Structures are given as C-alpha cells and as structure tokens.
Amino acid sequence: MLYFCRIMETNYLDELNNSQRDAVLYCDGPSLVIAGAGSGKTRVLTYKIAYLLEQGYKPYNILALTFTNKAAREMKERIARQVGSQAAQMLWMGTFHSVFSRILRTQASHIGFTSNFTIYDSSDSKSLIRSILKEMKLDEKVYKPGMIQGRISKAKNHLILPEAYAANRGLNEEDGVLKIPEMRNIYQRYWERCKQSDVMDFDDLLVNTFLLFDRHPEILALYQQQFQYVLVDEYQDTNYAQHAIILQLTKTNQRVCVVGDDAQSIYSFRGADIDNILSFSKIYPDTKLFKLEQNYRSTQSIVSAANSLIEKNSRQIKKVVFSEKTEGEMIAVAGAYSDLEEGEIIMNRIASLRRERGYEFSDFAILYRTNAQSRIFEEALRKRGYPYRIYGGLSFYQRKEVKDVIAYFRLVVNPNDEEAFKRIINYPARGIGDTTLGKIISIATEERVSLWKVLCEPLTYGLNINKGTHAKLQTFRELMESFMMDATRTNAYDMGLDIVKRSGIMNEICQDSTPENLSRKENIEALVSGMNDFYMQRTEEGNKAVFLTDFLSEVSLLTDQDDDGGADESKITLMTIHASKGLEFKNVFVVGLEENLFPSGMSGDSPRAMEEERRLFYVAITRAEEHCFLSFAKMRSRYGKMEYAVPSRFLKDIDPELIRMPGESAMRKRVSEKTVHPKMERMTTRMAPTMKPMMNRESGVKTEKPKNIDKIDSGSCQTSNVMLAVGQTVLHDRFGRGEVLKVEGDGDNAKASISFENVGVKQLLLRFARLKIIG
DNA sequence: CCGATACGCATTTTT
DNA sequence: TGCGTATCGG
C-alpha cells in the first residue's frame, strides 16, 4: 500500500507563505489556524493533509470535517491531485453529518437504531411536530411548529435530552414566558417517535454520535485509535455538540487542527457558537496559534476598509489582515432616493464597468441581507436584458416530486418511517383518504406502533374500515412488500426505475404534458439517472452490491445548492450575503445598507447580534477582489408600504478615509430633481401599458357570472348518481369537453379520471362534478 | 379531488 | 405586498 510515497518530490511547501507553512508543518499538538478572508485556508488544509500522509499517517487515520458537501468534495479533489485518488478516497473526509451518519450506521445497534435508519430533513421533522401537536390537541397558533422545531434543535445542539430539558428550570421558565408549557412533553414525544420510527433528524446525527461515544467508552476508544489526526474546517461555525464530539475524539491524543475565521462567524442563528473558536485555546491549553493574515483576494483598499469595520467588534481574535495587491479604488457608497433607484444606479455601474473595463457579467455579484430584496434587481436586470442567476431557491431534493419518489425509497428501506408513509399512502391517489389515514394514525399512536404495523395487521389492531378500503390498503401493502423483497437483491438503479414505474408515479406525471409535469418528469429522470451514476461509481469502486439503502443513506444528506446550471453562460450573481461566504467576485455590490434592514431589525439591542451583523457585513465586503460598492435607499417599499430608511450605522464603522461617501450636494440635487413620489412613478409606469383597471373590472364580472350559473345548475340537474363508463365523452361546465379514462370507487367516493381537451387530465369526485354525458 | 378564497406572516438556512 | 397554508364549497 503506497498511498503516501507517490508524491512527486514536492516543492509544495514552497508555494506557501511563512505562516501557511508553519501551520502545515506543526503537527505535534493542537493547533488553531485563524484564516483571514482570502488567505488561502483551503490550501493550508489540503497541504497539511498531504504533509501528514507524507509523514506516515495512513489516509484512513485522518479525519477531516467540513460543513458542506461542496467543501468536502473540493478538498478531496485537490488532495487527490496531490497524493493520488486512491489515498484521497480512503481519507475520512466529509461533512460532520455524513461522517457521523456513517459511524452511526455501523454502530446503530448500540444505541437502539438499525443501520437502515432514515434521516428526516427539516420539513419531515416539522411535519412530525405538527402531528404531535394535533395528537396533544395543542393550538398551532400558540405552539408554532417552527418555534417548537427551533427549540428542540437548540436543545439538541446543546446536548440537552428530553429528561434534562424537563428538569431544566431556565428552559421551563422560558417556555412559560413563551406560553408553551407543554414544550417539554412535545420534545419527549418527538424524541420517542423518532426512535420508534428508526429515524434521526440532522441534529440527532450529532447528539447520537455524542451519546454513542459517551455511553460506550470501548467504542469511543476504537475511534480515538482510528482517528490519529483530526482536522476541522470552518471551526467558527461549529455548535456545542460538534465541539463536544471533537473533544471526545481528541482529548487523549490532542492531535487536532481547527481552521476558521472568527470574523466570519455568521451562523449563530443555526446554533454556531463563536466561543468555540474564541476559547479553543482554553479547552486545549497547549494550542499553538497560527494566523494567516495575507489576503490574496482583494485590493488593499478593500482589505483596509474591511479591517477598519471589523475593528469595531469587541469579541474577536486580533489579527492584521493585509494585501500586497494593488491599492485599487476606494469603496464607493451610493445613496439612492428609492429602492428602485438603487437598482438603476447599480445597473448603470455595471454598464459602465463593462464598457470601460471590459468585465464579463460573471464578474459581478449583488449581495443583499434578505431574499426579498432580490426582486427589484431581478426586474432591473430583466429590463436591461442582462443575464443573471439567483441563488437560494428550492434545492433539487426539496422538490415535491423528488421527495415523493424518495419517500417510496425510504418506506421500502425503513417501513417504520412515518413521514414517508404519510406522504405516499395516497400518492398517487389510490382511494385511501384522510379519514382512513386518521384512523391508522390514532391507533398507531395509542398502541405505540408504527403506521406500517397497523396497515399490515388491521384486524389485530381493530382498524375499523370497510371492505373496499381494506382491499386498497392490502394492495398498497403488497406493492410495498414486493419492493422490500426486491430491494435486498436488486441493485439501486434498477430498483429505482422499478419503483418509479410500479408505484404509478410516472403514469401520474405522464398523463398530460403541462410544462409543470414535464419539468417534474425531468426531475424524476434526473434522480433516477443520478442513481445510475451512483451505482456505476460504487461498482467501479469495487462494491459488489449497491442497494437502495446505500443510495438513500447518501442522498439524505445531499442538499446540493451548487448545481452549476448553465455555468457556460456568463451571468450576474444575486444572492444573500450568507450564501456568498467562501465565494469571490471581481465586483461586488452590497445593497440595502439601511437601519432595520442591515443590520436587521431583528438584532434589536443585543450587542452579540449586532456584532454578528457586522461580521456579516465584513463577509460581504471581503467577497470583492477589485471593486466594492455599497448602497442604500432613502425610501424602500416594505410589505407593500413605502417606508423611510436611515443609512446603516455600519457605514460609519468604516474609516471615512477609506470610503467615498456620496457627495452631499449630489444627494440634494437628486432629491430635488425627483419630485415624483417613487411609488407613484412605479404605479404609472407599470399600469399605463397594461390597462389594469380594465382588466380588473373584466375579471370581476367573470368571477361573478359563473357563480350564478353554478347555483342554477346544481339546483336543476343533479348528476351525482349518473354512472359513468370509460370511453364516454362528457361536458364539464368549467373544463369543457373530455373523455372518461377511468372510473373508480363507489357511492360518494366515486371518482373519475377525465382527459379534457383543453386542460388535460383531471381527477374529479363525481359527487361534486356536474358532468353532462354527451357521447 | 379541485380551485377559489381568506388569513397571517414576514432575516439569514452549510446538514 | 405577495407568499404559503388552511379552509370551504362544488
């Protein structure tokens, strides 16, 4: 096995500056590498791993943890280039969640799970919380699912289990203030339900890893021995649980290196605790501190301005970031009269920079505090025909159709998966409605068994349903059971294809070719072809058997935002500042620098929150390589209302020598020139060409008229008991003429699939649909 | 099941 | 304002 000696007499150490090299070479004890923005952090991490391999560490003895799949992937690729892909492959490198889930699957039996446990994403867990609230008869208006979820997550991030939660006076008092005294019982139930369903949420992957190590010293010893050296990226973003696990693993041998930048800690709302990095040296008293202070990304002007800003924060590790690039231009501030004008100003800047300096569209990024701000820029860009790309939509795996298919996979692999069960029991529609599902749920809750168990043995549990429903349930059960049988011998890809076909999902989606369905179909095809890639790759890697469960355990942790859709075309980037962390652009516009927006009004008077907002601003500025523009508007439309805005206090935090504020005279001139109220202006430009008032009146008539017709119709001709036959042509007063494709159910539940000429296939409940048979 | 309508609500979101 | 969800009527 020659992983490490294949490095060509590297001179990679020569490619590092002094502090980078020091950080790479020090491996005798704990080290903390403070990596300023753009200081070559990834380079240090990858070279350090290469160096460790060179020093004789085996790849499987190195654990490297990141926060995103993207970071892990990129680092793996770079290391593969250094030391060969075989060695890189064997490194334990991945996100906290993926590495821990791998460990948990191997050790599942020790903590009362199976190795096939499912991972709930946050919408699954919210949905579980909803069911629990319903069962406990708690009002969702008071017990807001989002807030419950947040509190459970926070507890888990601090390794507080339900018992400890219930016993914690502070938390109980908080819950009292929040008027949610049942919180502790919800948490308890949530915990039990997850265990019963063989399910973990994202936070559980951390909590359970901690518990595994905590309760089983012999297992901990195993992993302590395995992981001879532990590296952590973006350490400023770790939460308490992550910190605690790292400590478990490294307390004895102290071979740990964490890399991060306290100045870029912007995820406290997700549980990240900046104290982890600030007090690392206290936890590991022999820590050697390295500071990477040379910035290779930005001009001196940008770096100095960013420094002068972050200086205003009190909680930080002192460092002097510097740049040896050209001085460059000063950061310029622009004040706009309105949010619309802010958009225009930026468009003009883009135009002139392109014209005068020949920048491409992809050299520009517009960064904002909140997603809602994107719209104005979108419209401005569209108006000019500039290509752009907005980051932050629904990721592939969050799309309904993809989640549906994956829910089938999940139930096949883990029949106790409650959320998957609920999702597909009647999808595609098979006549198992809410009533039946409700009965199953209440029995399952009472008997403390899974929904699947009740479905399989309806008689044992006294499920009170009629014969027809019983038959439908058993058909579903048989379908799933046949999948389950196949899944242990058929490979993941074939299994996926089979499920998509036999579940009826493909049929459902291929019935008509509306653009939505077409895109759904494409997404499902993409998922299945992804399964093929997965299967091929795993096979090439020497895995004899690649099953659905293998695919699923991987896919549950992918939320890849970073599909470079249309990367070939040069586009302007629009994203939140949070999303921009780690990226860089030649020209950056940081917009909406107004009180109550940036800093967010939510930060209130909390100094900690305010410092985080300032760090966020720091992150924004340090994305820029060559030009950085800041802007604010004096007036902004918010929730439909125009509001006056005050320039952000952060503008005063930057050394005035390093920043070009808008000329006071120019401002006044602009204000007095524009006499039209911005809102009026917007209304007139928008409404004039479309004749909105006319449209409104027209549609008002339209909606009224059918209503009257409906009333007359339903009174005069009841069609509910007319038997429809497949092949008949019918007339529907809204959908028009159509052909009956399928009739199912009886009595009140009878429903038909009808293919309408104009609107495609619809499923109609005959009880309600007023159909006239015309052929 | 489908679509209209009403209501509440509203940072940021690596897994 | 504009979105996502709950509710209701056909």
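All heavy atoms count here, side chains included; hydrogens, waters and symmetry mates do not. In this text the structure is predicted, and so the values were computed from the model without any measurement. Below, chains carry the letters A, B, ... as their sequence lines are ordered, and counting in each starts from 1.
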Peer 1: To the nearest angstrom, how far is A:Glu594 atom CD from B:dT11 atom P?
Peer 2: 16 Å

Peer 1: Compare the minimum distances between each of B:dA10, B:dT12, B:dC1 and the side chain of A:Asn426, then state the nucleotide with the smallest one.
Peer 2: B:dC1

Peer 1: At under 4.0 Å between heavy atoms, what does A:Thr576 touch on the DNA or RNA strands: base, sugar-phosphate, or nothing?
Peer 2: sugar-phosphate

Peer 1: Mind checking if A:Asp203 touches a base, just sugar-phosphate, or nothing, with heavy atoms under 4.0 Å?
Peer 2: nothing

Peer 1: Under the salt bridge (Lys or Arg N to Asp or Glu O under 4.0 Å) rule, collect the residues that match up with A:Asp404, sequence neighbours excluded.
Peer 2: A:Lys400, A:Arg423

Peer 1: In whole angstrom, what separates A:Lys641's NZ from B:dC9's P?
Peer 2: 16 Å

Peer 1: Mind calculating the distance between CD (A:Glu379) and P (C:dT1) to the nearest angstrom?
Peer 2: 14 Å

Peer 1: Distance check needed: B:dT12 P versus A:Ile577 CD1, whole Å only.
Peer 2: 11 Å

Peer 1: To the nearest Å, how far apart are A:Glu140 CD and C:dT5 C1'?
Peer 2: 10 Å

Peer 1: Between A:Ser556 and A:Lys144, which has a closest nucleotide on DNA chain B that is more 5'?
Peer 2: A:Lys144

Peer 1: I'd like to know whether the aromatic ring centres of A:Tyr235 and A:His243 sit less than 6.0 Å apart in this structure.
Peer 2: no

Peer 1: At under 4.0 Å between heavy atoms, what does A:Tyr267 touch on the DNA or RNA strands: base, sugar-phosphate, or nothing?
Peer 2: base

Peer 1: Residues from residues 612-620 of chain A sitting under 4.0 Å of DNA chain B, heavy atoms only?
Peer 2: A:Glu613

Peer 1: Between A:Asn371 and B:dT13, is there a contact of a side-chain N or O with OP1 or OP2 at under 4.0 Å?
Peer 2: yes

Peer 1: Which nucleotide wins on minimum distance to the side chain of A:Arg375, given the candidates C:dA6, B:dT12, C:dG2?
Peer 2: C:dG2

Peer 1: Using a cut-off of less than 4.0 Å, is there contact between a side-chain N or O of A:Tyr639 and OP1 or OP2 of B:dT11?
Peer 2: yes

Peer 1: Nearest to the side chain of A:Thr68 - B:dT14, B:dC1, C:dT1?
Peer 2: B:dT14

Peer 1: P atom, C:dT5 versus B:dT12: distance in rounded Å?
Peer 2: 16 Å

Peer 1: Salt-bridged, A:Glu419 to A:Arg410, with N to O below 4.0 Å?
Peer 2: no

Peer 1: For A:Ala429 and A:Gly601, find the nucleotide of DNA chain B closest to each by heavy atoms; which residue's nucleotide sits nearer the 5' end?
Peer 2: A:Ala429

Peer 1: Distance from A:Ser268 atom OG to A:Asp237 atom CG, nearest 0.5 Å?
Peer 2: 10.0 Å

Peer 1: Nearest-Å distance, CD (A:Gln264) to C1' (B:dT12)?
Peer 2: 16 Å

Peer 1: Figure out the CE/P separation between A:Met602 and B:dT11, and round it to whole Å.
Peer 2: 5 Å

Peer 1: Quick check: closest heavy atoms across A:Asn517 and A:Glu508, and the distance to 0.1 Å?
Peer 2: ND2-O, 4.4 Å

Peer 1: Can you find a side chain N or O atom of A:Thr370 that sits less than 4.0 Å from OP1 or OP2 on B:dA10?
Peer 2: no

Peer 1: Under the ring-ring contact (aromatic ring centres under 6.0 Å, His included) test against A:Phe598, which residue among A:Tyr368, A:Phe632, A:Phe650 passes?
Peer 2: A:Phe650

Peer 1: At their closest point, which heavy atom of A:Ala35 faces which heavy atom of A:Gln264, and how far apart are they?
Peer 2: O-NE2, 4.4 Å

Peer 1: In whole angstrom, what separates A:Met147's CE from B:dG8's P?
Peer 2: 19 Å

Peer 1: Going by centres under 5.5 angstrom and planes under 30 degrees, do the aromatic ring of A:Phe269 and the base ring of B:dT12 stack?
Peer 2: yes

Peer 1: Could you tell me whether the side chains of A:Glu613 and A:Ser600 share a donor-acceptor contact shorter than 3.5 Å?
Peer 2: no

Peer 1: So, is B:dT12 syn or anti if syn means the angle is within 90° of 0?
Peer 2: anti

